[in-house]
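Notes for the one structure printed next.
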Amino acid sequence: TRYFVTDQSAPAPSAHMECQACQQPMDLDAGAAVLQTALEALRQAVMQTTGVHKLAVDVAVQAECAQCASVASQPSHL
């Protein structure tokens with residue numbers, strides 16, 4: 001999963017995430033605004049501390065869906 005922010009005039013990236021194990025898409029639209037706000041805060045912090053301009057932030061998120069995580073956490077019986 002990748003999110004990026006280039007500048008405030010650019011449209012917000014689509015909130016999309018996929019399970020690493022089963023590749024099932026996971027709906028993140030309910031949290032998209034929260035994620036966008038966090039990414040914009042990160043972009044602003046980097047620009048303020050480094051003095052750079054036209055900064056693009058690219059963040060990768062890796063995860064498993066709840067179903068795959070619960071299967072992986074169960075002990076295997078041999």
Q. Hey, is CD on Gln67 packed in by over 12 heavy atoms from elsewhere, all under 6.0 Å?
A. no
Q | For Val71, all residues meeting side-chain contact (heavy atoms from CB on, under 4.5 Å), sequence neighbours excluded | A | none
(Q) Tell me if a side-chain donor or acceptor on Glu18 pairs with a main-chain N or O of Gln24 at a distance below 3.5 Å. (A) no
Q) Any luck finding a side-chain donor-acceptor pair between Glu40 and Gln44 under 3.5 Å? A) yes
Q) Who passes side-chain contact (heavy atoms from CB on, under 4.5 Å) against Ala21, sequence neighbours left out? A) Cys19, Glu64, Cys68
Q | By side-chain contact (heavy atoms from CB on, under 4.5 Å) - contacts of Thr50 (at least two apart) | A | Val46, Val52
